[in-house]
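Worksheet: one structure, shown below.
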Number of protein chains: 2
Amino acid sequence: MEIEKIIQDKNLKLTSARKEILEIFLNSQKPLAYEDIKDKITMDKATFYRNISKFEDKAIVHSFESNDKKRYYEIQSTPHAHFICNNCNTIECLQDVINFEIKNHIVQDILIKGICEVCFLKRV
Amino acid sequence: MEIEKIIQDKNLKLTSARKEILEIFLNSQKPLAYEDIKDKITMDKATFYRNISKFEDKAIVHSFESNDKKRYYEIQSTPHAHFICNNCNTIECLQDVINFEIKNHIVQDILIKGICEVCFLKRV
DNA sequence: TTTTTAAATGCATCTAAGTCGCATTTAAGA
DNA sequence: TCTTAAATGCGACTTAGATGCATTTAAAAA
(Lines give C-alpha, C1' and ligand atoms only; values in the text may rest on other atoms or scores of the structure.)
Protein backbone atom coordinates (compact mmCIF):
# COMPACT_ATOMS: atom_id res chain seq x y z
CA MET A 1 0.00 0.00 0.00
CA GLU A 2 1.04 3.54 -0.86
CA ILE A 3 1.51 4.85 2.69
CA GLU A 4 3.45 1.84 3.88
CA LYS A 5 5.73 2.02 0.87
CA ILE A 6 6.55 5.68 1.50
CA ILE A 7 7.56 4.95 5.07
CA GLN A 8 9.54 1.83 4.38
CA ASP A 9 11.33 3.29 1.36
CA LYS A 10 12.95 5.74 3.73
CA ASN A 11 14.00 3.00 6.14
CA LEU A 12 11.62 4.13 8.83
CA LYS A 13 9.83 1.76 11.14
CA LEU A 14 6.22 1.28 10.14
CA THR A 15 4.24 2.42 13.17
CA SER A 16 0.58 3.24 13.48
CA ALA A 17 1.37 6.81 14.46
CA ARG A 18 3.29 7.30 11.23
CA LYS A 19 0.54 5.76 9.13
CA GLU A 20 -2.04 8.00 10.80
CA ILE A 21 -0.03 11.14 10.11
CA LEU A 22 0.70 10.32 6.48
CA GLU A 23 -2.90 9.34 5.84
CA ILE A 24 -4.03 12.80 6.91
CA PHE A 25 -1.41 14.74 5.01
CA LEU A 26 -1.79 12.71 1.82
CA ASN A 27 -5.49 13.54 1.82
CA SER A 28 -5.11 17.24 2.47
CA GLN A 29 -5.07 19.89 -0.23
CA LYS A 30 -3.33 22.44 1.96
CA PRO A 31 -0.66 22.67 4.64
CA LEU A 32 -1.76 21.74 8.14
CA ALA A 33 -0.44 22.55 11.59
CA TYR A 34 -0.56 20.29 14.63
CA GLU A 35 -3.58 22.12 15.92
CA ASP A 36 -5.52 21.42 12.73
CA ILE A 37 -5.20 17.69 13.11
CA LYS A 38 -4.86 17.06 16.82
CA ASP A 39 -8.46 15.89 17.14
CA LYS A 40 -8.03 13.43 14.27
CA ILE A 41 -5.01 11.65 15.68
CA THR A 42 -4.60 9.41 18.68
CA MET A 43 -0.93 9.90 19.42
CA ASP A 44 0.66 12.26 21.88
CA LYS A 45 1.81 15.61 20.53
CA ALA A 46 5.43 14.77 21.23
CA THR A 47 5.04 11.77 18.97
CA PHE A 48 3.48 13.89 16.27
CA TYR A 49 6.28 16.44 16.38
CA ARG A 50 9.00 13.82 16.45
CA ASN A 51 7.54 12.00 13.49
CA ILE A 52 6.74 14.98 11.33
CA SER A 53 10.24 16.18 11.95
CA LYS A 54 11.62 12.84 10.86
CA PHE A 55 9.45 12.95 7.73
CA GLU A 56 10.96 16.30 7.00
CA ASP A 57 14.51 15.00 7.37
CA LYS A 58 13.60 12.28 4.92
CA ALA A 59 12.08 14.76 2.47
CA ILE A 60 8.61 13.26 2.71
CA VAL A 61 7.19 16.42 4.19
CA HIS A 62 7.96 20.07 3.76
CA SER A 63 7.19 22.78 6.30
CA PHE A 64 7.24 26.50 6.91
CA GLU A 65 6.22 28.88 9.64
CA SER A 66 3.23 31.01 9.02
CA ASN A 67 1.89 34.15 10.62
CA ASP A 68 0.51 32.58 13.73
CA LYS A 69 3.71 31.22 15.25
CA LYS A 70 2.68 27.81 14.03
CA ARG A 71 4.54 25.53 11.67
CA TYR A 72 2.58 24.15 8.75
CA TYR A 73 3.38 20.86 7.05
CA GLU A 74 2.49 19.41 3.68
CA ILE A 75 3.54 16.44 1.62
CA GLN A 76 6.53 17.39 -0.47
CA SER A 77 5.26 17.50 -4.04
CA THR A 78 5.72 19.98 -6.87
CA PRO A 79 7.27 23.11 -5.40
CA HIS A 80 4.78 25.95 -5.14
CA ALA A 81 4.41 29.24 -3.35
CA HIS A 82 1.93 29.94 -0.57
CA PHE A 83 -0.27 32.89 0.09
CA ILE A 84 -0.87 33.66 3.77
CA CYS A 85 -3.59 36.06 4.81
CA ASN A 86 -2.36 38.61 7.32
CA ASN A 87 -5.92 39.03 8.48
CA CYS A 88 -7.41 35.54 8.87
CA ASN A 89 -4.20 33.47 8.61
CA THR A 90 -5.63 31.21 5.91
CA ILE A 91 -3.03 29.58 3.70
CA GLU A 92 -3.52 29.04 -0.04
CA CYS A 93 -1.27 27.10 -2.36
CA LEU A 94 -0.36 29.12 -5.44
CA GLN A 95 0.01 26.68 -8.24
CA ASP A 96 1.42 29.05 -10.85
CA VAL A 97 5.11 28.41 -10.66
CA ILE A 98 7.12 31.41 -9.67
CA ASN A 99 10.65 31.28 -10.87
CA PHE A 100 12.93 33.22 -8.74
CA GLU A 101 16.67 33.09 -8.49
CA ILE A 102 19.16 34.88 -6.29
CA LYS A 103 22.85 34.54 -6.91
CA ASN A 104 24.59 32.20 -4.46
CA HIS A 105 21.34 31.47 -2.66
CA ILE A 106 19.10 28.44 -2.78
CA VAL A 107 15.44 29.35 -2.93
CA GLN A 108 13.34 26.76 -1.11
CA ASP A 109 10.12 28.54 -0.36
CA ILE A 110 8.15 31.55 -1.43
CA LEU A 111 5.59 33.03 0.93
CA ILE A 112 3.37 35.84 -0.20
CA LYS A 113 1.57 37.58 2.64
CA GLY A 114 -1.31 39.97 2.38
CA ILE A 115 -5.09 40.02 2.34
CA CYS A 116 -6.90 37.02 0.90
CA GLU A 117 -9.91 37.16 -1.37
CA VAL A 118 -12.43 36.52 1.41
CA CYS A 119 -11.07 39.28 3.63
CA PHE A 120 -10.54 41.56 0.62
CA LEU A 121 -14.19 41.27 -0.39
CA LYS A 122 -15.25 41.96 3.19
CA ARG A 123 -13.03 45.06 2.97
CA VAL A 124 -11.20 44.22 6.17
CA MET B 1 14.19 66.62 15.34
CA GLU B 2 13.41 63.76 13.00
CA ILE B 3 12.45 61.15 15.61
CA GLU B 4 10.31 63.50 17.62
CA LYS B 5 8.51 64.67 14.52
CA ILE B 6 7.66 61.12 13.45
CA ILE B 7 6.11 60.37 16.83
CA GLN B 8 4.22 63.61 17.21
CA ASP B 9 2.92 63.60 13.64
CA LYS B 10 1.00 60.47 14.54
CA ASN B 11 -0.45 62.03 17.68
CA LEU B 12 1.52 59.81 19.98
CA LYS B 13 2.90 60.94 23.30
CA LEU B 14 6.62 61.61 23.11
CA THR B 15 8.13 59.23 25.66
CA SER B 16 11.71 58.17 26.13
CA ALA B 17 10.82 54.55 25.43
CA ARG B 18 9.42 55.52 22.04
CA LYS B 19 12.43 57.65 21.19
CA GLU B 20 14.76 54.80 22.14
CA ILE B 21 12.93 52.33 19.93
CA LEU B 22 12.75 54.57 16.90
CA GLU B 23 16.38 55.55 17.24
CA ILE B 24 17.39 51.91 16.94
CA PHE B 25 15.13 51.04 14.06
CA LEU B 26 15.97 54.17 12.07
CA ASN B 27 19.62 53.24 12.27
CA SER B 28 19.21 49.63 11.29
CA GLN B 29 19.60 48.32 7.77
CA LYS B 30 17.60 45.19 8.44
CA PRO B 31 14.57 44.00 10.38
CA LEU B 32 15.10 43.37 14.07
CA ALA B 33 13.29 41.27 16.65
CA TYR B 34 12.91 42.10 20.33
CA GLU B 35 15.71 39.76 21.18
CA ASP B 36 18.12 41.59 18.87
CA ILE B 37 17.68 44.86 20.70
CA LYS B 38 16.77 43.94 24.25
CA ASP B 39 20.26 44.70 25.53
CA LYS B 40 20.24 48.12 23.91
CA ILE B 41 17.02 49.33 25.46
CA THR B 42 16.12 50.17 29.02
CA MET B 43 12.39 49.58 28.96
CA ASP B 44 10.48 46.49 29.96
CA LYS B 45 9.60 44.04 27.22
CA ALA B 46 5.88 44.72 27.66
CA THR B 47 6.58 48.35 26.92
CA PHE B 48 8.58 47.47 23.86
CA TYR B 49 5.84 45.24 22.48
CA ARG B 50 3.09 47.72 23.23
CA ASN B 51 4.96 50.52 21.53
CA ILE B 52 6.12 48.65 18.47
CA SER B 53 2.59 47.47 18.04
CA LYS B 54 1.34 51.03 18.21
CA PHE B 55 3.97 52.09 15.68
CA GLU B 56 2.63 49.42 13.42
CA ASP B 57 -0.94 50.62 13.78
CA LYS B 58 0.27 54.06 12.82
CA ALA B 59 2.20 52.70 9.81
CA ILE B 60 5.57 53.82 11.14
CA VAL B 61 6.80 50.26 11.39
CA HIS B 62 6.15 47.14 9.38
CA SER B 63 6.55 43.60 10.68
CA PHE B 64 6.47 39.98 9.70
CA GLU B 65 7.10 36.65 11.32
CA SER B 66 10.19 34.80 10.32
CA ASN B 67 11.37 31.24 10.72
CA ASP B 68 12.21 31.33 14.37
CA LYS B 69 8.83 32.08 15.91
CA LYS B 70 9.93 35.66 16.29
CA ARG B 71 8.41 38.77 14.79
CA TYR B 72 10.75 41.14 13.01
CA TYR B 73 10.17 44.85 12.70
CA GLU B 74 11.52 47.52 10.39
CA ILE B 75 10.77 51.12 9.59
CA GLN B 76 8.15 51.25 6.89
CA SER B 77 9.93 52.53 3.80
CA THR B 78 9.96 51.41 0.17
CA PRO B 79 8.29 48.00 -0.01
CA HIS B 80 10.78 45.22 -0.57
CA ALA B 81 10.99 41.48 -0.25
CA HIS B 82 13.03 39.62 2.35
CA PHE B 83 15.21 36.58 2.10
CA ILE B 84 15.22 34.37 5.18
CA CYS B 85 17.82 31.67 5.61
CA ASN B 86 16.29 28.36 6.66
CA ASN B 87 19.63 27.39 8.10
CA CYS B 88 20.90 30.36 10.10
CA ASN B 89 17.71 32.48 10.17
CA THR B 90 19.49 35.56 8.88
CA ILE B 91 17.24 38.04 7.12
CA GLU B 92 18.30 40.04 4.07
CA CYS B 93 16.38 42.82 2.40
CA LEU B 94 16.02 42.24 -1.33
CA GLN B 95 16.02 45.64 -2.94
CA ASP B 96 15.13 44.55 -6.47
CA VAL B 97 11.45 45.19 -6.62
CA ILE B 98 9.40 42.12 -7.22
CA ASN B 99 6.09 42.83 -8.78
CA PHE B 100 3.58 40.25 -7.99
CA GLU B 101 -0.15 40.40 -8.30
CA ILE B 102 -2.89 37.97 -7.44
CA LYS B 103 -6.44 38.68 -8.45
CA ASN B 104 -8.63 39.87 -5.56
CA HIS B 105 -5.74 39.69 -3.13
CA ILE B 106 -3.61 42.42 -1.66
CA VAL B 107 0.07 41.54 -1.58
CA GLN B 108 1.75 43.10 1.44
CA ASP B 109 4.85 41.05 1.90
CA ILE B 110 7.07 38.70 -0.01
CA LEU B 111 9.29 36.31 1.90
CA ILE B 112 11.75 34.12 0.07
CA LYS B 113 13.12 31.33 2.22
CA GLY B 114 16.10 29.15 1.47
CA ILE B 115 19.83 28.99 2.03
CA CYS B 116 21.74 32.24 2.24
CA GLU B 117 25.07 32.94 0.64
CA VAL B 118 27.08 32.33 3.79
CA CYS B 119 25.50 28.94 4.47
CA PHE B 120 25.52 28.10 0.76
CA LEU B 121 29.27 28.66 0.55
CA LYS B 122 29.78 26.56 3.66
CA ARG B 123 27.77 23.86 1.85
CA VAL B 124 25.44 23.38 4.80
C1' DT C 1 7.89 -19.03 16.51
C1' DT C 2 10.39 -16.87 20.17
C1' DT C 3 14.00 -13.79 21.64
C1' DT C 4 16.46 -9.56 21.43
C1' DT C 5 17.18 -4.71 21.13
C1' DA C 6 17.23 -0.26 19.07
C1' DA C 7 13.81 2.75 17.98
C1' DA C 8 9.27 4.71 19.03
C1' DT C 9 5.84 6.18 22.29
C1' DG C 10 3.32 8.55 26.27
C1' DC C 11 3.62 11.35 30.00
C1' DA C 12 5.26 15.05 32.61
C1' DT C 13 7.92 18.88 32.59
C1' DC C 14 10.26 22.63 30.47
C1' DT C 15 11.21 26.69 27.25
C1' DA C 16 10.63 31.11 25.32
C1' DA C 17 8.14 34.79 22.62
C1' DG C 18 4.68 37.49 23.43
C1' DT C 19 0.33 39.13 26.22
C1' DC C 20 -2.36 40.93 30.08
C1' DG C 21 -3.96 42.97 34.58
C1' DC C 22 -2.94 46.26 37.72
C1' DA C 23 -0.70 49.74 40.50
C1' DT C 24 2.33 53.61 39.65
C1' DT C 25 4.31 57.22 36.81
C1' DT C 26 4.46 60.73 33.27
C1' DA C 27 3.41 63.78 29.11
C1' DA C 28 1.04 67.51 27.85
C1' DG C 29 -3.12 70.37 27.76
C1' DA C 30 -5.95 73.44 30.93
C1' DT D 1 0.94 74.35 38.70
C1' DC D 2 -2.84 71.10 38.36
C1' DT D 3 -5.28 67.39 36.12
C1' DT D 4 -5.97 63.22 33.78
C1' DA D 5 -5.63 59.97 30.17
C1' DA D 6 -2.06 57.46 28.47
C1' DA D 7 2.27 55.02 29.26
C1' DT D 8 5.18 52.20 32.08
C1' DG D 9 7.11 48.28 35.05
C1' DC D 10 6.32 44.18 37.17
C1' DG D 11 4.67 39.74 37.69
C1' DA D 12 1.80 36.25 36.17
C1' DC D 13 0.00 33.97 32.28
C1' DT D 14 -0.40 31.70 27.50
C1' DT D 15 0.85 28.52 24.03
C1' DA D 16 3.59 25.97 20.32
C1' DG D 17 6.87 23.04 20.49
C1' DA D 18 11.03 20.44 22.74
C1' DT D 19 13.06 17.21 26.03
C1' DG D 20 14.10 13.46 29.61
C1' DC D 21 12.81 9.17 30.98
C1' DA D 22 10.42 4.88 31.75
C1' DT D 23 7.70 1.72 28.99
C1' DT D 24 6.35 -0.42 24.69
C1' DT D 25 6.87 -2.18 20.06
C1' DA D 26 8.64 -3.24 15.20
C1' DA D 27 11.42 -6.13 13.00
C1' DA D 28 15.75 -8.61 12.57
C1' DA D 29 18.20 -12.64 14.67
C1' DA D 30 18.08 -17.04 16.63
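Throughout, a chain's letter reflects where its sequence line sits, starting with A, and its residues are numbered from 1.
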Item checked: d(CG, A:Asn11; P, C:dA6) in whole Å -> 17 Å
Note to self: How many whole angstroms separate atom CE of B:Met43 from atom P of C:dG18?
What the structure shows: 15 Å
Next item on the list: With sequence neighbours left out, write down each residue that passes side chain to side chain donor-acceptor pair (under 3.5 Å) with B:Ser63, or none if nothing qualifies.
Entry: B:Glu56, B:Arg71
Item checked: Euclidean distance, atom NZ of residue A:Lys54 to atom C1' of D:dG17 [Å, nearest integer] -> 17 Å
Check: Rounded to whole angstroms, how far apart are CD on B:Glu20 and P on D:dT8?
Finding: 10 Å
Margin query: Going by side chain to side chain donor-acceptor pair (under 3.5 Å), name the residues that satisfy it together with A:Asn11, two or more places apart in sequence or in a different chain.
Written below: none
Check: If you look only at pairs with a residue in residues 44-55 of chain A, which of them pass as a side-chain hydrogen bond (donor to acceptor under 3.5 Å, both in side chains), with sequence neighbours excluded?
Finding: A:Arg18-A:Asn51
Notebook entry, point to check: Roughly, in whole Å, what's the span from CD1 in B:Ile52 to C1' in C:dT19?
Noted result: 16 Å
Notebook entry, point to check: Which atom names give the shortest non-hydrogen contact between A:Asn27 and A:Glu23, and what distance separates them?
Noted result: ND2-O, 2.9 Å
Check: What bend angle does the helix from C:dT1-D:dA30 to C:dA30-D:dT1 show across its length, from five-pair end axes and to the nearest 10 degrees?
Finding: 30°
Next item on the list: Within residues 34-42 of chain B, find the residues that approach DNA chain D with a heavy atom at under 4.0 Å, and present them sorted by residue number.
Entry: none
Item checked: Pairs involving residues 10-32 of chain A, ordered by first then second residue, that meet ring pair (Phe, Tyr, Trp, His ring centres under 6.0 Å) (sequence neighbours left out) -> none
Notebook entry, point to check: Rounded to the Å, how far apart are B:Ile7 CD1 and D:dA6 C1'?
Noted result: 14 Å
Notebook entry, point to check: Tell me, which of residues 59-70 of chain B have any heavy atom that sits under 4.0 Å from an atom in DNA chain C?
Noted result: B:Lys69, B:Lys70
Check: Contact class for A:Ala17 (heavy atom, under 4.0 Å): base, sugar-phosphate, or nothing?
Finding: sugar-phosphate
Notebook entry, point to check: Out of C:dT9, C:dA8, C:dG18, which has the shortest distance to the side chain of B:Tyr49?
Noted result: C:dG18
Check: Got a donor-acceptor contact below 3.5 angstrom from the B:Glu4 side chain to the B:Leu14 backbone?
Finding: no
Notebook entry, point to check: Taking all atoms of both residues into account, what is the closest heavy-atom pair of B:Phe100 and B:Val107, and its distance?
Noted result: O-CG2, 3.6 Å
Item checked: 5' priority, DNA chain D, between B:Arg18 and B:Lys45 [closest heavy atom] -> B:Arg18
Next item on the list: Classify every nucleotide of nucleotides 22-30 of chain C by which part a protein heavy atom approaches to under 4.0 Å, writing B for the base, S for the sugar-phosphate alone and - for neither, in 5'-to-3' order.
Entry: ----BBS--
Check: With sequence neighbours left out, what residues match A:Lys19 under side chain to side chain donor-acceptor pair (under 3.5 Å)?
Finding: none
Checklist line | A:Thr47 vs C:dA8: side-chain N/O to OP1/OP2 distance below 4.0 Å | finding: no
Next item on the list: Please identify each residue that fulfils side chain to side chain donor-acceptor pair (under 3.5 Å) with B:Tyr72, with sequence neighbours left out.
Entry: B:Asp68
Check: Is B:Ile7 reachable from B:Ile60 through a run of hydrophobic residues whose side-chain heavy atoms are each under 4.5 Å from the next?
Finding: yes
Next item on the list: Could you list the residues that satisfy salt bridge (charged side-chain N to carboxylate O under 4.0 Å, His left out) with B:Lys38, not counting sequence neighbours?
Entry: none
Check: For the pair made of CG in A:Asp57 and P in C:dA7, what is the distance, rounded to whole Å?
Finding: 15 Å
Check: Is there a path of hydrophobic side-chain contacts, each under 4.5 Å between heavy atoms of I, L, V, M, F, W or Y residues, that connects A:Leu22 with A:Phe48?
Finding: yes
Next item on the list: If a pair satisfies side-chain hydrogen bond (donor to acceptor under 3.5 Å, both in side chains) and one of its residues is in residues 101-118 of chain B, list it, with sequence neighbours excluded.
Entry: A:Asn86-B:Gln108, A:Glu92-B:His105, A:Asn104-B:Glu117, A:Glu117-B:Asn104, B:His62-B:Asp109, B:Asn67-B:Lys113
Item checked: Minimum side-chain heavy-atom gap A:Leu111-B:Phe64 below 4.5 Å -> no
Note to self: Distance check needed: D:dC10 P versus B:Asp44 CG, whole Å only.
What the structure shows: 6 Å
